[in-house]
Amino acid sequence: MSEAAQPKPFSMPMFRSFVPERIRPWIYVFIAVTFQFSGGLYLGTLNQMMGETTLMREDLLMCLYANLAGMAIYFPLLFRMKFRFTNKTLLCGAATGVLLCNLIAPHVTFLPLLWLVCFIEGMCKIQGTFECMSNIQLWMSPTRDFTVFFPVLHIIILGSMQLSDLLATYLMYYYHWDYMQLFICGIMMMDLLILTVCTRHFRMFKKFPLFGIDWLGAVLWAMLLLETAYLFNYGDWYNWWNSPVICQLSMVIIVTLCFCVWRMFTIRHPYYEPKMWTYRHLLPVFILITLVEMFLATEHVLEEVYLEEVMHYGTMTSVQLDWPALGGVLAGCLFAYWWMHIRRFNYLRLIIIGLGGIIGYLLGNYFLISSDIHISQLNLPIFCRGFAYAVLSATFMTCLEEIMSFQHFFQALSVFNMLHMVMGGVVGAAIYTRGLAYYLPDNMARYGAAIDNVVSSRMSINISHYMETFMSQMTEISVKQIYGWTAYACILLFLLFLLYDAPIRRELKQIPSWQKIREQIAKSLAIKK
């Protein structure tokens, strides 16, 4: 009978005998959550960090993009590390790396070094999360069904993201912004204690050496990703291509891309194999996730501008919106699990539902945004945003796994996360920032033309107070305009999906075991030129 018909019983032999079988998977769930709580720097503390350090908002956002880039670029190496080192070695190394990076990051003032620390922290973060989740995959689904695995994984990832932001904000408000780093150091020490006491070195298969890895290719792709993120993150600050810095960086990006492509086609085992790009439906998935991230980037530009400049909310007030976002994430993951695993409905229609959630978020904010509303009125649009993000993230990853062979899946997953976690967000934020830079002065010129000393004297108003209110109103109008244009674009994409309503795949393919994956890698590396 097939392997799927007779699944092996789940066990975790890396634990010592005194640890009860029932709690072993939950220990790894806890450790995975602690890794997902971590980061180099934390956006919940951004405002206080800007006030106490010489760093700009763009500098701190670049730290975030460097952290996400480290996670994205590391995906093709995950299985190679798993087959070379024991689970205990990898988890202890990842926890130690996160611990050291969180100790170092608050004291580094040289930006390139700070970005490198955040990049390394991202690599350690994804290594620890992958090791935990890959070892309990059979516990979640004895047949390695990714329609179960990905929704549960995104509950941990996206749920931890919201809770981490809440925790960082509360620690900043009641103590200091660097207490979040100290908290992460504390839970990493707890992880190391658990791993030291409860686990042992154990190998499920023979050690596999780290040969045949294109290390230079990995560095080149990482440089390309970080250079592009830098361009779009700092573009508005440098005034885009009116600045020689942006012009020179654009040339450097083109040269780096040429080197990446040249190396991909000329060496035996490139970091991303050319065949990986040839799968049907792959490029549409990449384009879609980039567009979705661009739509959702409104959270980090328009939403923040509205809450800070129009409503004048403090950080502790704004962070309350993380709760409906968390509720939306949980609802979205459970709905994706029900749709894909329980009902086994069409994936494309689930993507349409996810896009409907984004439309609900954009239109909700467009119609609700006003200086007269209560913050609780934003709960429903924020819930829709969390729901849509969870549904689309889990669905796109499942679709990606379904359309590819496992040999190239993690390479494609790396490119997917480059677009998902870095490029879509930074490009979208750049577009919305540029839009605000256009619409705000335009609206001020249009509506402010009627204001002069004569009119103000007739109205008997305090001109300084009136101008402050006027600026808030112009910001509100500008934000609504950009939300409206973004909603138009998302509705157009939604209608295109309705026209192209066809299944990507109906029957789930069988996922190979770790041993078979190791054999496939060994076979590919043994092929002669």
Side-chain angles (χ1 to χ4, degrees), residues 2-5 7-12 24-33 35-36 71-72 74-76 78-79 81-82 87 90-91 125-161 204 285 289 329-345 347 350-351 354 389-414 416-417 420-421 504-518:
S2 65
E3 182 183 353
K8 296 180 180 179
F10 174 74
S11 65
M12 300 184 73
R24 292 181 184 183
W26 292 105
I27 292 175
Y28 269 32
V29 169
F30 168 77
I31 295 176
V33 170
F35 275 111
Q36 283 301 310
M71 295 174 62
Y74 195 72
F75 271 89
L78 289 172
F79 272 112
M81 295 298 175
K82 185 177 185 66
N87 176 255
L90 290 172
L91 285 175
K125 177 178 179 178
I126 194 62
Q127 178 69 78
T129 305
F130 172 78
E131 271 305 303
C132 291
M133 299 307 295
S134 65
N135 279 280
I136 61 175
Q137 186 183 29
L138 289 175
W139 174 63
M140 291 187 286
S141 173
T143 58
R144 300 184 189 277
D145 188 345
F146 276 86
T147 60
V148 177
F149 180 72
F150 282 136
V152 175
L153 176 65
H154 281 88
I155 288 177
I156 293 174
I157 293 175
L158 301 181
S160 299
M161 184 190 305
M204 295 183 179
V285 169
I289 192 61
V329 163
L330 295 175
C333 290
L334 294 174
F335 182 80
Y337 169 80
W338 174 82
W339 184 281
M340 293 190 295
H341 182 72
I342 303 297
R343 303 298 298 173
R344 297 197 179 271
F345 287 152
Y347 294 168
L350 185 57
I351 295 175
Y389 193 53
V391 165
L392 291 171
S393 297
T395 308
F396 278 133
M397 280 197 178
T398 306
C399 291
L400 194 66
E401 191 278 328
E402 284 296 304
I403 64 179
M404 306 195 70
S405 68
F406 210 88
Q407 177 185 354
H408 299 111
F409 173 57
F410 271 75
Q411 294 179 25
L413 201 58
S414 177
F416 173 86
N417 279 287
H420 177 44
M421 296 192 293
I504 293 177
R505 194 181 182 95
R506 289 190 180 276
E507 298 297 329
L508 295 174
K509 65 182 181 183
Q510 182 179 345
I511 307 303
S513 64
W514 301 141
Q515 185 64 38
K516 287 188 177 181
I517 295 171
R518 182 191 181 281

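Predicted model, so just to flag it, every value in this text is computed and none were measured.
- Closest non-hydrogen pair, I351 versus L392, comes out as O-CD2, 3.7 Å.
- I156 is not listed as a side-chain neighbour of F35, based on a closest heavy-atom distance of 4.5 Å or more.
- Atoms CG and OG, on N417 and S393 in that order, are 9.0 Å from each other to the nearest 0.5 Å.
- Contact between R24 and M12 at its shortest, heavy atoms only, is NH1-O, 3.1 Å.
- Contact between L91 and G128 at its shortest, heavy atoms only, is CD2-O, 3.5 Å.
- With contacts defined as side-chain heavy-atom distances shorter than 4.5 Å, the pair T395/C399 qualifies.
- Rounding to the nearest 0.5 Å gives a distance of 4.0 Å between NZ of K82 and CG of N135.
- Exactly one of Y337, F345, W338, W339 qualifies for a ring pair (Phe, Tyr, Trp, His ring centres under 6.0 Å) with H341. That residue is Y337.
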Check your understanding: Could you go step by step and tell me if F150 and L400 meet the side chain to side chain contact (heavy atoms under 4.5 Å, CB included) rule?
Key -> CA-CA 11 Å; F150 282 136; L400 194 66; over 6 Å; no
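- Between V329 and M161, the closest side-chain pair of non-hydrogen atoms is not below 4.5 Å.
- How far CD1 of I136 is from OH of Y28: 9.5 Å, rounded to the nearest 0.5 Å.
- Among all heavy-atom pairs drawn from Q411 and P76, the shortest one is CA-CG, 4.2 Å.
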Point to revise | Check against side chain to side chain contact (heavy atoms under 4.5 Å, CB included), M140 and M133 | key: CA-CA 9 Å; M140 291 187 286; M133 299 307 295; 3.8 Å; yes
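- Taken to the nearest 0.5 Å, the CZ atom of F30 stands 10.0 Å off from the CD1 atom of I27.
- Taking both residues in full, the closest heavy atoms of P151 and M340 are given as CG-CE, 4.0 Å, listed atom of the first, atom of the second, then distance.
- T143 and D145 share no donor-acceptor pair across their side chains, judged by distance under 3.5 Å alone.
- Taking the six-membered ring where tryptophan is involved, the planes of F410 and F75 are tilted, since the angle between them lies from 30° to 60°.
- In terms of heavy-atom proximity, I157 sits nearest to Q36 at CG2-OE1, 3.6 Å.
- Ring geometry for F146 against F149 counts as perpendicular: the plane angle is over 60°, on a 0 to 90° scale with 30° as the lower cut.
- Atom-to-atom distance recorded for E401:CD and F396:CZ is 16.0 Å, nearest 0.5 angstrom.
- Atom CD1 in I31 sits 11.0 Å away from atom OG1 in T129 (nearest 0.5 Å).
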**Study point:** L330 and I155: CA distance, side-chain angles, deciding distance, side chain to side chain contact (heavy atoms under 4.5 Å, CB included) verdict
**Key:** CA-CA 6 Å; L330 295 175; I155 288 177; 3.8 Å; yes
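- Exactly one of F130, F409, Y74 qualifies for a ring pair (Phe, Tyr, Trp, His ring centres under 6.0 Å) with F79. That residue is F130.
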